[in-house]
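Values below: every heavy atom of this structure, side chains too, minus hydrogens, waters and symmetry copies.
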Amino acid sequence: MSIFSMQNEDDKEVQFFDLLIKRKVYYGLIYSLISIPIALIYLFYSLSGLIIGFILLPFWLGVPILNLYFKSIWELSKIEEKTFEYISEVSLPKISKFTPQEKSSYLRFRAYLKNRRTWNRINYFLLKIFWRIIFSIPSIGLIILTSLIIYTPVNSVFGHINIYRLYQTDSFIEVIIIFFICILIWVGLLHFINYLIRISSQILKYFFCR
């Protein structure tokens with residue numbers, strides 16, 4: 001099968017240009033950008049909830065606050081799982097939501113504290129912002145490259161190319177070469193984003209499924 005194929009025979013090995021028609025890659029691109037402010041909200045909520053809850057713990061107000069906080073963390077993690085599965089089209093192992101059955105508020109608090117998966121989810125929301133910023137870099141590069149792909153042929157109509165004062169030419173042949181080089185780099189970035197989607201699924205599994 002040629003690398004220029006738009007469809008695989010066995011649908012297992014992704015060819016070079018296949019990602020041009022893969023919806024999940026474009027969803028992943030958008031998610032890489034919008035997930036940064038969302039991750040900041042997660043960071044603020046996860047950190048402030050822990051601090052406020054444990055500060056008030058000696059006054060007993062911390063117990064119901066932390067119980068509500070831990071419960072909300074589990075709810076947020078299910079939303080995060082569903083969102084990621086929809087965007088990436090990657091199925092994650094199903095972990096049932098942890099809900100302590102104890103009637104006592106203190107016993108429910110202890111059950112949350114002893115549950116390792118509760119802390120795994122808190123750590124995920126605290127750390128998510130760091131890898132989301134890194135993962136957003138190729139998406140930003142893709143947007144910049146897209147503007148260059150549009151700008152170069154359109155500007156060539158006027159007979160002179162000045163690519164952001166970095167490169168100048170009057171040759172239409174050079175314009176065509178630049179255009180196709182940009183296309184190849186653009187598809188390469190799509191592959192990199194697809195690779196980051198797989199890494200994201202592994203990170204999610206590491207924190208949510210252990």
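Sorted by first and then second residue, the side-chain hydrogen bond (donor to acceptor under 3.5 Å, both in side chains) pairs involving residues 196-205 (not counting sequence neighbours) are R132-S200. Here side-chain hydrogen bond (donor to acceptor under 3.5 Å, both in side chains) pairs that include residues 37-60, with residues two or more places apart or in two chains, are Y42-E80, Y45-S72. Counting only residues at least two apart or on different chains, the side-chain hydrogen bond (donor to acceptor under 3.5 Å, both in side chains) pairs with a member in residues 101-114 are N67-S105.
In this structure, I30 belongs to a hydrophobic cluster whose other members, linked by side-chain heavy atoms under 4.5 Å apart, are I34.
The distance from atom CD of E81 to atom CZ of R121, rounded to the nearest 0.5 Å, is 6.0 Å. Note that SG of C209 is 7.0 Å distant from CG of L204, once rounded to the nearest 0.5 Å.
Taking hydrophobic clusters as Ile, Leu, Val, Met, Phe, Trp and Tyr residues chained together by side-chain heavy-atom distances below 4.5 Å, L127 shares a cluster with Y69.
Looking at residues two or more places apart in sequence or on another chain, you find a side-chain contact (heavy atoms from CB on, under 4.5 Å) between I79 and T83. Residues forming a side-chain contact (heavy atoms from CB on, under 4.5 Å) with F54 (at least two apart in sequence, or on another chain): L50, L57, L66, L113, W119.
Using a 4.5 Å heavy-atom threshold, the side chains of F70 and P100 count as separate.
Aromatic pair W131/Y124: centroids less than 6.0 angstrom apart.
In this structure, R117 forms no cation-pi arrangement with F208, as its terminal cationic atom is not both closer than 6.0 Å to the ring centre and no more than 45° off the ring axis.
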